[in-house]
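All values below come from the heavy atoms of this structure, side chains included, with hydrogens, waters and symmetry mates left out. When a ligand or atom number is given, it counts from 1 through the structure's own listing order.
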Amino acid sequence: MIVDVHSHTPTHRDAVPPGERRVYSNWRTDRDVTTTNSWADYDREMAAADVTIVFNIAVDDPEPMTGLPYLPERTNDATAEFVAADPARRIGFLSVNPLWDNVFEETERCRELGLRGVKLGPNYQDFDPLGERALAFYAHCEQEGLPILFHAGASPMRHAPLRYTHPLVFDEVALRFPELRMVLAHMGHPWSTDTVVTIRKHPHVYADVSSIYLRPWVCYQSLLAAHEWGCTDKLLLGSDFPIAGTAEAMAGIRRVNDILDGTALPRVPLEEVERIIHADALGALGLDR
Ligand SMILES: [Zn+2]
């Protein structure tokens, strides 16, 4: 089974009206990314996955904060409606800001809507991931068995503090909440070696490989580090739709050794790449029940 653990909720149920189309140029260096998309666009791009995890990020003003245009008051309802339309293939994560007064009420409301995990981007949401309110929220997630997928590593958004995205921040979280299941997005690129030593030591901390292949050297050194530290089994497939689709994400990491032609550099074993693609992500995150 192929599980794509990282995708963003499509912005439109039906075809995007031409006047509402948005394009963002900073996600990829090779092409622009269309950040408005329909449910059908999503299904086409994610067709290679048997199951996908999908979410928005709870911010007051999505487009300047995250680069993704969606209605802030519909952050979680849009995801819940999308998942309810094809619940066998889609798992929805909720998003909240731990600084909200109603964070626990909103979390409970979203769980009643069927959302089964949490997406947080402390850099986009401007909360300290080691602050008191954040720690109280992680304690709740640990107790309730809610996995959290954290944005980790680089972001092109100017206002988003990089210090909130470093993988070693999440070592601190895991030390305090050892049973909390976490995914560090993008292997925390470019700090993927720091991600590797973090996921290696914590049984319930994983990383997704979304977007790493967009930079061939980052992809190579990230996957080689995971191989050399013996933790490719802690890596999960992700596409980061709309930045890419599942098929492109799979093809991207399968090309990891292509830059090595004519060199004596060590190769990433391709059977380990296949194990990432076919990883039991739902079991890892406690979502198989
Ligand atoms: Zn993402």
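Note on H8: its N/O/S atom closest to the Zn ion (ligand 1) is NE2. Looking at D240 and the Zn ion (ligand 1) together, the shortest N, O or S contact belongs to OD1.
For the ring pair (Phe, Tyr, Trp, His ring centres under 6.0 Å) condition, the pairs that include at least one residue of residues 225-277, sequence neighbours left out, are Y42-F241.
Using bins of under 30°, 30° to 60° and over 60° for the plane-to-plane angle, the ring pair F177/Y138 lands in the perpendicular bin.
A cation-pi arrangement is not found for K119 relative to F93, the charged atom failing to lie both closer than 6.0 Å to the ring centre and inside a 45° cone about the ring normal. Cation-pi geometry between R133 and F127 is not satisfied (NZ or CZ under 6.0 Å from the ring centre, within 45° of the ring normal).
Look at H186 and the Zn ion (ligand 1): no N/O/S atom of the residue is under 2.8 Å from the metal.
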